[in-house]
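Position 1 is the first residue of the sequence; numbering continues from there. Counting convention: from 1, in listed order, for ligands and their atoms alike. Below, each value reflects all heavy atoms present in this structure, side chains not excepted, and no hydrogens, waters or symmetry copies.
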Amino acid sequence: MITKPKGTVDITGSDALLWEYVNNVVSTMMKTYNYDFIRTPIFESSELFHRTVGETSDIVRKETYDFLDKGNRNMTLRPEGTAGVVRSFIENKAYAEPSVKKYFYNGTMYRYERPQTGRLREFTQFGVEVLGSNDEFIDAEVISLQYNILDALHISNLQVNINSLGDAESRNNYREALVKYFTPKIDNLCEDCKERLKTNPLRILDCKVDKDNEILKNAPKTIDYLNKESKERFEKVLKYLDYLDIDYEVNPNIVRGLDYYDHTVFEIVSLDSDSGSQSALGAGGRYNKLIKELDGPESYGIGFACGIDRIINVLKEIELYKEIKKEIDVYVMYVSEEEKLYALDIVQSLRLNGVVCETNNMNKGLKGQFKEADRLSAKLLVLLNNEDLKKGLVTLKDNVTKEEEKVDINEIVDLVVSNL
Ligand code: AMP
């Protein structure tokens, strides 16, 4: 038997229903915030991720799915969504348009990680990227959008953990402070952290191995190294979040694993979720240097990404969603070949009128069809039999109250629509 690759999932049954529900809530909310859908390729040239996510990041060092295509080009399955969207923004010269670009995406990402609950090799993220504005209001809007989507899904006890890395000057000062602090203590950190001290000391604070180490807990805090401008910017973002009534906590340990962030960085967790380090449902940050680094013009960017697989895991614990099951509007029942022709016609007319409809498609007898209708939780039944059809009649039955009446076949579609 051929099985699915390690770290991937099949989304079926009630999980698939939840999945669709989440996607609907996401798209609706994105539209109310005036974000436009964008779809970029699942694979891109490897260079794109090396230059954006960063050569020294765990993702690029250990986790990307790389391959040579038949034309000997280095390709990578996207590990995240920002790089592709920013590449598209530059390549299509969207920066030349007069308004700020507000994009949202929803798609699979690939990271060669050690699979565990909430950590997959193929997973799905929805996210946004706002390109072209450095207004602090946009930072607050992006955070509130992420918060309000999760809130609309009834995920309780949400908290935004937020921090600022500041501008280049602040980041450099902070980096120096970290090097000074960690150098004498490096023997007590993991092998990766020893490497990180040389390449990107900020990453030490992100370490999954050393995360409970006292040395990390007592490390210098970003906030203390922000210059005046960066500090004022951060305070403004927090003020706007207060106005938007978003629960947040300033958490100096949020530094984010990717290379491209500056200023605002954040993640969102549900304090009710007990999945430990996998409790972050989404995360994001500002990346004002990235567009220039990818050969675009001087511009600004900020975005977030949320993991749908993780959201589904949380929703499954919520009472409201435990009962989620498939329901159809109408099940059309018939037995003979002549009745079948009428059934086909009625089913098609109902479907074209937006009625969710099914019929006997396995040659079942009436008893089997009643059972199938119950399995599908059909609200109404339409029963066809030759005798009635000769008189132009069909039976419409309420599958809950069990009341039924014979009605004119020409009126069945209108009657069903008005009964739903
Ligand atoms: P990141 O792109 O690493 O900032 O992650 C943003 C969000 O994507 C996380 O908060 C998770 O919800 C989700 N996520 C990241 N990596 C994985 C993974 N390997 N499996 C499932 N979800 C993930």
Side-chain angles (χ1 to χ4, degrees), residues 4-11 15 18-19 22-23 26 40 42 49 52-54 57-65 76-86 104-129 142-143 145-147 149-150 153 155 158-163 165 202-203 205-208 211 251 253-261 264-287 290 301-316:
K4 61 185 176 324
K6 206 170 157 186
T8 66
V9 283
D10 296 320
I11 312 288
D15 283 4
L18 267 181
W19 196 276
V22 171
N23 282 335
V26 169
T40 60
I42 284 179
F49 301 110
T52 54
V53 181
S57 67
D58 277 0
I59 293 182
V60 163
R61 275 177 53 228
K62 303 186 208 153
E63 295 172 1
T64 49
Y65 278 86
T76 296
L77 295 185
R78 64 181 179 201
E80 55 92 58
T82 305
V85 173
V86 173
F104 83 94
Y105 62 83
N106 188 333
T108 47
M109 308 293 159
Y110 301 83
R111 294 183 198 170
Y112 196 82
E113 303 208 61
R114 197 163 57 81
Q116 49 193 295
T117 313
R119 196 170 285 283
L120 297 162
R121 288 183 176 171
E122 181 189 67
F123 57 98
T124 303
Q125 288 182 334
F126 67 81
V128 306
E129 311 297 342
V142 161
I143 293 169
L145 170 56
Q146 184 181 37
Y147 186 98
I149 287 174
L150 299 177
L153 289 169
I155 298 176
L158 291 170
Q159 184 180 290
V160 175
N161 291 317
I162 187 168
N163 190 20
L165 302 173
L202 251 76
R203 288 258 161 67
L205 303 171
D206 236 9
C207 179
K208 288 166 200 153
K211 71 176 176 358
N251 180 339
N253 292 327
I254 305 286
V255 291
R256 311 283 299 119
L258 315 185
D259 259 357
Y260 50 60
Y261 289 111
T264 312
V265 283
F266 54 93
E267 62 172 36
I268 187 159
V269 296
S270 164
L271 298 176
D272 290 344
S273 157
D274 52 13
S275 49
S277 64
Q278 260 69 267
S279 67
L281 298 173
R286 184 163 273 288
Y287 46 84
L290 182 63
I302 183 167
F304 73 71
C306 279
I308 299 192
D309 307 82
R310 254 181 232 181
I311 290 174
I312 299 286
N313 285 347
V314 171
L315 295 190
K316 275 157 81 172

Evaluating non-hydrogen atoms only, which member of Q125, E63, R114 is closest to atom 7 (C) of ligand 1? Q125
R310 to ligand 1, any heavy atom closer than 4.0 Å: yes
Counting only heavy atoms, which portion of R119 has something under 4.0 Å from ligand 1: side chain, backbone, both, or neither? both
The answer for which part of R111 has a heavy atom under 4.0 Å from ligand 1 is side chain
side-chain hydrogen bond (donor to acceptor under 3.5 Å, both in side chains) partners for E63, two or more places apart: none
By side chain to side chain contact (heavy atoms under 4.5 Å, CB included), which residues pair with L315, not counting sequence neighbours? L18, V22, L153, I155, I311, I318, Y321
Run the ring pair (Phe, Tyr, Trp, His ring centres under 6.0 Å) test on Y112 and Y65 for me, step by step, so that the C-alpha distance in whole Å, both residues' side-chain angles and the decisive distance to 0.1 Å come before the verdict. CA-CA 7 Å; Y112 196 82; Y65 278 86; 5.6 Å; yes
Does any N or O atom in A305 lie less than 3.5 angstrom from one in ligand 1, N or O only? no
Enumerated ligand 1 atoms positioned under 4.0 Å from heavy atoms of L120: 18 (C), 19 (N), 20 (N), 21 (C)
Is the side chain of D309 donor-acceptor paired with the backbone N or O of T124 at a distance under 3.5 Å, no angle test? yes
Under 4.0 Å to a heavy atom of G282 - the qualifying atoms of ligand 1, by number: 10 (O)
Side chain, backbone, both or neither: L281 near ligand 1, heavy atoms under 4.0 Å: backbone
Is there a polar contact between ligand 1 and A280, counting only N or O atoms under 3.5 Å apart? yes
Looking at E80 and R111, what are the two nearest heavy atoms and their distance? CB-NH2, 3.8 Å
So, does R310 use its side chain to make a donor-acceptor pair with the main chain of A280 at under 3.5 Å? yes
Subset of ligand 1 atoms that lie under 4.0 Å from at least one heavy atom of E113: 16 (N), 18 (C), 19 (N)
Which heavy atom of K4 sits nearest to which heavy atom of V9, and what is that distance? CE-CA, 3.9 Å
